[in-house]
There are 2 protein chains.
Amino acid sequence: MASKLNVRHASQVACRDCSLSPLCLPLALKIEDIDELDEIIKRGRPLKKGEHLFLEGDSFHSVFAVRSGALKTYTSTNEGEEQITGFYLPSELVGLSGLDTDSYPVSAQAIETTMVCEIPFDKLEKLSDNHPSLRRQLMRIMSKKIREDQQMKLLLSKKNADERIATFLINLASRFRRRGFSSQSFRLSMSRNEMGNYLGLAVETVSRVFTRFQKAELIHANGKEIEITNAMELCILAGGKLADNADVVNIQ
Amino acid sequence: MASKLNVRHASQVACRDCSLSPLCLPLALKIEDIDELDEIIKRGRPLKKGEHLFLEGDSFHSVFAVRSGALKTYTSTNEGEEQITGFYLPSELVGLSGLDTDSYPVSAQAIETTMVCEIPFDKLEKLSDNHPSLRRQLMRIMSKKIREDQQMKLLLSKKNADERIATFLINLASRFRRRGFSSQSFRLSMSRNEMGNYLGLAVETVSRVFTRFQKAELIHANGKEIEITNAMELCILAGGKLADNADVVNIQ
DNA sequence: CGTTGCGTTGAGACATTTCAAAATGTGTGG
DNA sequence: CCACACATTTTGAAATGTCTCAACGCAACG
C-alpha cells in the first residue's frame with residue numbers, strides 16, 4: 001500500500017497547485033513570485049524504497065523538498081555502522097547541511113516510495129538575491145533545524161527508552177497533523193531498527209517499549225500501524241516543552 | 001588567572017584590527033566593508049563568570065560573537081535540570097538558533113570572564129541585504145552548526161564514555177589550534193560537571209575517564225589544565241572523521 | 001579554621017545491550 | 001497462489017557500562 005501521503009499529488013504538480021506550499025518554500029513567496037521558484041525546480045521520477053537521493057561525499061548541488069513518501073539521512077561511523085540523523089516527511093527540506101561544504105555530509109535514502117522536488121542551490125541563491133523573504137525562510141528553516149537538533153541532543157543525553165519513544169511518537173503525530181493527517185493513527189514509514197538507530201536504542205529495546213506501551217494502553221501498535229490511545233499520558237512521558245505537544249493533545 | 005584567549009585583545013578593538021576577523025563574520029567582507037559591520041556592533045562591558053548574556057525566552061534581538069573568554073548555552077528540562085547545548089570560544093557566534101522565533105530557545109552564560117560583540121540582528125539583516133557574501137557566511141555558519149550537531153548526536157547515541165571524552169578533548173584541541181593556541185596543552189574553561197552534562201555522562205564518569213586516560217598516558221590532567229600526551233591514540237579513540245582530527249595529530 | 005564548592009574514588013543498583021532463539025511478516029519464483 | 005527463503009520483530013536470560021549514592025580529599029575563601 002502506498003503511503004497516505006501520496007494520494008493527493010499528481011506526479012508533476014506545480015508549486016502553486018501543490019497542497020504542501022503553505023508548509024514548504026513557497027510559503028516565503030508572493031503568489032505571483034511562486035512561478036519563478038517553480039521554474040528552477042526539477043521533478044524527477046519517484047524513488048523506490050532503498051534508492052538514494054544522494055550519498056555522503058557527493059558534490060553538493062541541490063536541496064530537495066520531499067513531496068510524498070519519506071526519506072532518512074544518515075552518516076556512516078568509521079566502524080561502518082550507520083547513524084540515522086533524521087527522517088523527512090512531505091514539505092520538509094533535505095540537504096541544507098551540505099551548504100557550507102562542497103559535498104553532502106550525509107546520505108539521503110528513500111524509506112518508502114518517494115517523490116522529491118530538486119532545487120539547484122545556485123539557482124535558489126540567485127532567486128533569493130531578489131527575494132529577501134525567501135532568504136529569511138531559508139534561514140528560518142536552518143534555525144529550526146538547529147533547535148530540533150538541540151531537542152534531540154537532550155533526548156539522547158537525558159531521556160530513558162520510554163521517554164525517547166514517547167517523544168518520537170508525539171513528534172511524528174504532530175508533524176502528521178500539520179500536514180492534515182490524523183495525529184491519532186498513522187503508519188510508521190521506518191522500521192523498528194531505523195527507529196532504534198535514530199533514537200540511540202537497540203532494536204530489542206524499541207520492541208520492548210512498544211509492547212510495554214501497548215500493555216499500558218498508551219498506544220495500539222500493529223506492525224507499522226500506530227494508534228495513539230492516550231495522547232495526554234504519552235505527552236507527559238515525552239516530557240517535552242508543552243508548545244510542541246499542544247496540538248497533539250488538544251485536537252484529534 | 002584570565003584565559004589565555006584574553007591577552008591579545010584590548011577592550012574596544014575594531015573588527016578591522018581584531019585578530020579574530022579571519023575566523024569571524026568579517027571573513028565574509030572586503031576590507032573596505034568591514035567598517036560597516038563595525039558600526040552596528042555593540043561592545044559592552046565584560047561578563048563575569050556566571051553572568052548571563054541572555055535567558056531562554058528573552059526576546060530575540062541580537063547574535064553575539066565571543067571575543068574573549070567562553071560561554072555555554074543551555075536549556076532547562078521540565079524537571080528543572082539544565083542541558084548544556086554548546087560551548088563557545090572566541091570568534092564563534094551565539095544566538096543564531098533563535099533566529100526563526102521571537103525568543104531565544106536557550107540561555108547563554110559566561111563560564112569565565114568573557115567579552116562579546118553584540119550584533120543587532122535587524123541591522124545585520126539590512127547589512128546583509130547589500131552583501132551577498134555576508135549572507136552566505138551566515139548560512140555557512142548555520143550549516144556548519146547543523147553538521148556539528150549531527151556529530152554530537154552520533155556521539156550521544158553510539159559512543160561510550162571513553163570515546164565521548166576523547167572526542168571532546170580532540171575537538172577542543174582543534175578549535176584552540178585554529179585560534180593560534182597550542183592544541184597540545186590548554187586550559188578547560190568548563191567544570192567536570194558541565195563537561196559531563198554536555199556529553200551525557202555523570203560527573204563521576206568524567207572523573208573516572210580522566211583518571212583512566214592519565215594512567216594510559218594519553219593525557220596529563222591537573223585540574224583544568226590539560227596536556228595531550230598521545231594525540232594519535234586519542235584521535236583513534238575519538239574515532240571521528242579524520243578530517244576533523246588531522247590538524248591535531250599532525251602539527252604540534 | 002570552619003565552610004563551601006569541586007573533584008575523586010568505591011560499591012552496589014539498574015537500565016539497556018548483547019546474544020540466542022522463536023515467531024511473524026514479506027517478497028519471489030515456480 | 002502457494003512454498004520457500006529471507007528479513008524483521010518479538011521475547012527471554014545473561015552480561016555490562018554507566019549511574020547513583022556516599023564518603024573523602026583538596027583548594028579557595030571569608
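Naming convention: chains lettered A, B, ... in sequence-line order (proteins, then strands); numbering from 1 in each chain. For clarity, every value in this text was computed on a predicted model and none was experimentally measured.
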Asker: Sugar-phosphate atoms are those with a prime plus P, OP1 and OP2; base atoms are the rest. Using that split, label each nucleotide of nucleotides 25-30 of chain D B, S or - for protein heavy atoms under 4.0 Å, 5' to 3'.
Answerer: ------
Asker: Could you tell me how far apart B/Leu156 (CG) and D/dT18 (P) are, to the nearest whole angstrom?
Answerer: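 The answer, rounded to whole Å, is 13 Å.
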Asker: Over how many whole Å does the gap from A/Asn197 atom CG to D/dT8 atom C1' extend?
Answerer: 15 Å
Asker: Take a 6.0 Å sphere around CD of B/Glu217 and say whether it holds more than 12 heavy atoms from other residues, nucleotides or ligands.
Answerer: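 At most 12 heavy atoms, drawn from other residues, nucleotides or ligands, come within 6.0 Å of this atom.
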Asker: To the nearest 10 degrees, what angle separates the axes at the start and end of the helix from C/dC1-D/dG30 to C/dG30-D/dC1, five pairs each?
Answerer: 40°
Asker: Apply salt bridge (Lys or Arg N to Asp or Glu O under 4.0 Å) to A/Glu163 and list each qualifying residue two or more places apart in sequence or on a separate chain.
Answerer: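 For A/Glu163 there are no salt bridge (Lys or Arg N to Asp or Glu O under 4.0 Å) partners, ignoring immediate neighbours.
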Asker: Could you list all the salt bridge (charged side-chain N to carboxylate O under 4.0 Å, His left out) pairs where at least one residue sits in residues 229-239 of chain B, not counting sequence neighbours?
Answerer: none
Asker: For a 4.0 angstrom threshold against heavy atoms of chain B, report the outermost contacting nucleotides of DNA chain C in 5' to 3' order.
Answerer: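 Result: C/dG7 to C/dA11.
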Asker: Find the distance B/Leu199:CG to D/dT18:C1' and express it as a whole number of Å.
Answerer: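 In whole Å, D/dT18 C1' and B/Leu199 CG are 14 Å from each other.
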Asker: By salt bridge (Lys or Arg N to Asp or Glu O under 4.0 Å), which residues pair with A/Glu227, not counting sequence neighbours?
Answerer: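 With neighbours one apart ignored, the set is empty.
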Asker: Using a 4.0 Å heavy-atom cut-off, does A/Gly196 contact any base of the nucleic acid, only the sugar-phosphate backbone, or nothing at all?
Answerer: nothing
Asker: Sequence neighbours excluded and cut-off under 3.5 Å, please list the side-chain donor-acceptor pairs for residues 203-210 of chain B, or say none.
Answerer:
none

Asker: Just by distance, no angles: are the side chains of A/Arg175 and A/Asn171 close enough, under 3.5 Å, to form a donor-acceptor pair?
Answerer: yes
Asker: Quick check: on DNA chain C, is the nucleotide nearest A/Gly200 upstream (toward 5') of the one nearest B/Asn193, or the reverse? Name the residue that is more 5'.
Answerer: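 Its nearest nucleotide being more 5', the pick is B/Asn193.
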Asker: Restricting to ring pair (Phe, Tyr, Trp, His ring centres under 6.0 Å), what partner residues turn up for B/His220, sequence neighbours left out?
Answerer: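 None.
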Asker: Heavy atoms within less than 4.0 Å of DNA chain C: which residues of residues 204-212 of chain B have one? Give them sorted by number.
Answerer: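 The stretch gives B/Glu204, B/Ser207, B/Arg208, B/Thr211 as the residues lying under 4.0 Å from the strand, ordered by number.
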Asker: So, using salt bridge (Lys or Arg N to Asp or Glu O under 4.0 Å) as the criterion, who are the partners of B/Asp149 when residues are at least two apart?
Answerer: A/Lys153, B/Lys145
Asker: Would B/Arg43 and B/Arg67 count as a side chain to side chain contact (heavy atoms under 4.5 Å, CB included) here? Give the steps.
Answerer: CA-CA 10 Å; B/Arg43 299 180 178 81; B/Arg67 203 128 70 87; 3.6 Å; yes
Asker: Less than 6.0 Å separating the ring centroids of A/Phe64 and A/Phe54?
Answerer: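 So the answer is yes for these two rings.
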Asker: What about B/Phe87 and B/Tyr198, are their ring centers closer than 6.0 Å?
Answerer: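 Yes.
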Asker: Tell me, please, which residues at least two apart from B/Arg192 pass salt bridge (Lys or Arg N to Asp or Glu O under 4.0 Å).
Answerer: none
Asker: To the nearest Å, how far apart are B/Arg164 CZ and D/dC19 C1'?
Answerer: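 Taking atom C1' of D/dC19 as the reference, CZ of B/Arg164 is at 12 Å.
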Asker: Taking only residues two or more places apart in sequence, or in another chain, which ones meet A/Tyr88 in a ring pair (Phe, Tyr, Trp, His ring centres under 6.0 Å)?
Answerer: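 Once residues adjacent in sequence are excluded, A/Tyr88 has no partner under the ring pair (Phe, Tyr, Trp, His ring centres under 6.0 Å) criterion.
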